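Below: the structure, in C-alpha cells.
Everything numeric in this text was worked out from a predicted model, so none of it was measured.
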Amino acid sequence: MTSKETIPVTVLTGFLGAGKTTLLNHILSQQHGYKCAVIINEFGAIGIDGQLVVGIDEEILELNNGCLCCRMRGDLIRSLSDLLNRQKRFDYVLIETTGLADPAPIAQTFRSGELSDRLRLDGIITLIDAQHIEKELGDAPEATAQIAFADVVLLNKTDLVGPAALEHIVSRLRRINALAQIHGTRQAEIDLVHILNIKARELGGSFAMPEQPAEEPHEEHDHDHAHEHNEHHHAQDHAHHDERVKSLFLVDERPLELKKVEAWLTDVIRTMGTNIYRSKGILLLKGQAKRVVFQGVQMMFDAKLDRFWNPGEKRVNQIVFIGRELDEAALRSGFEQCVAS
C-alpha cells in the first residue's frame, strides 16, 4: 500500500436481531479477496467458527481467509489507531456498531483528524428486520436515523412478510432516504460487491442521483405535471404525517448563479445543518460547461467540478436533502433565489 492509498471502511448498523451477526459471519467466512479487519464489540456475541481461527491474542483473532477480528477498545478512534499501529496486514476495515448507535459521529470520525489520511468511509450499511421495522420506526428515533444515514439498506427476512407489506416498507424507506440502495435479503445473504468498496461517498466516478419517487397511488393527480419539481411537495402532504425524517427533492432546469448557490448552501448548513443528515446534488451553473457535484453529511460538505454535460443529456439541477423536520418552504425559497437572471 502506498502512503497515498486510503483503506476503505464500511460501517454496519442495524437493530438487535436484524441479522448483523449473520452478515458478519458471512463476510468473515467468504473468500472475497480482502484482508478485512472487523471491529466488533464482543467476540462472544459473534460466534466465529473455531475452525476458521488460525491465531488469537487478547484483542485480535486471525482467520484463515486473511481477515482479522478485533475487539473494540474504548472509543472508535482509539481502536482504529491501535489497529493501524499494529504490524498486521489488512486492506479493509469493517465496523460493527451496537444496536442503538447513532451513525453521525462515526461518519464524522473519518472526515477529520489523523485518521482521514489513512482511512476513508466507503459506506454505511443498515440492516433492517422486515418483520419488525414498522414498530421500530414508531418506537425508536435511532431506527430512522440509521436509515437516513445509510448508503445501502439491507431489508432482511423478506421471506417473513407478504408482498404488499414489503412494497409498503420499501416505499416508506425511500421516503426517508431516497439516496440509499435497497436490497431484499434472506439470512442476510448478499453478494459482497453490493456492500464492500462501493465508493458511496466519492464525488468522482459514477456520481449519480436517484429518480424522484412516484407519487402515492391514493393521491389525486389534479396538478399540472409541467411543474415536476413541485410534485414531491404534494406527495409529502399526504404521506405519513408521523414521519419527521424525510427526503426532499429540488429539481429545476433553470441555470443557477454560482455565488448565490454558495451563499445559500453556506446558510443552509449554518441554520439547518444539525437537522440535515445527508445532502447530495448535481448543479447546472450559468456559464459553466461542466456539472458541479456535491455531497454533505450534516455540517461537513464537499463540492467539485465534475465532467462536461454530455451531448443530448438533460441539463437539470437535482438536489436531495435528507433530514429531520426540514423547513421545506425555506429550502425551496432559498433555492429559487439562486436562479440566474
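- Judged by distance alone, with hydrogens and angles left aside, the side-chain atoms of Asp122 form no donor-acceptor pair with the main-chain N or O of Pro8 at under 3.5 Å.
- No donor-acceptor distance shorter than 3.5 angstrom exists from the side chain of Asp151 to the backbone of Ala180, with no hydrogens or angles considered.
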The test is side-chain contact (heavy atoms from CB on, under 4.5 Å); show your working for Arg278 and Gln298 and say whether it passes.
CA-CA 6 Å; Arg278 301 275 308 278; Gln298 290 190 312; over 6 Å; no
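- Side-chain contact check for Thr126 and Thr13: at least one donor-acceptor pair (N or O, by modelled atom type) lies under 3.5 Å.
- To the nearest 0.5 angstrom, Leu284 atom CG is 5.0 Å from Asn317 atom CG.
- Look at Glu336 and Arg254 and you find a salt bridge, because one of the NZ, NE, NH1 or NH2 atoms lies within 4.0 Å of a carboxylate O, short of that distance.
- Here Arg172 does not pair with Glu167 in a salt bridge; the nearest charged N to carboxylate O distance is not below 4.0 Å.
- A donor and an acceptor atom, one from each side chain of Ser171 and Arg175, are located under 3.5 Å apart.
- Because its NZ or CZ atom is not both nearer than 6.0 Å to the ring centre of Phe90 and within 45° of the ring axis, Lys35 does not count as a cation-pi partner of that residue.
- No donor-acceptor distance shorter than 3.5 angstrom exists from the side chain of Asn310 to the backbone of Glu313, with no hydrogens or angles considered.
- Thr266 places none of its side-chain heavy atoms less than 4.5 Å from the side chain of Phe301.
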Leu155 and Val170: side-chain contact (heavy atoms from CB on, under 4.5 Å), yes or no, with the steps?
CA-CA 8 Å; Leu155 187 54; Val170 170; 3.9 Å; yes
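- Between Lys157 and Asp129 there is a salt bridge, since a side-chain N of the basic residue sits under 4.0 Å from a carboxylate O of the acidic one.
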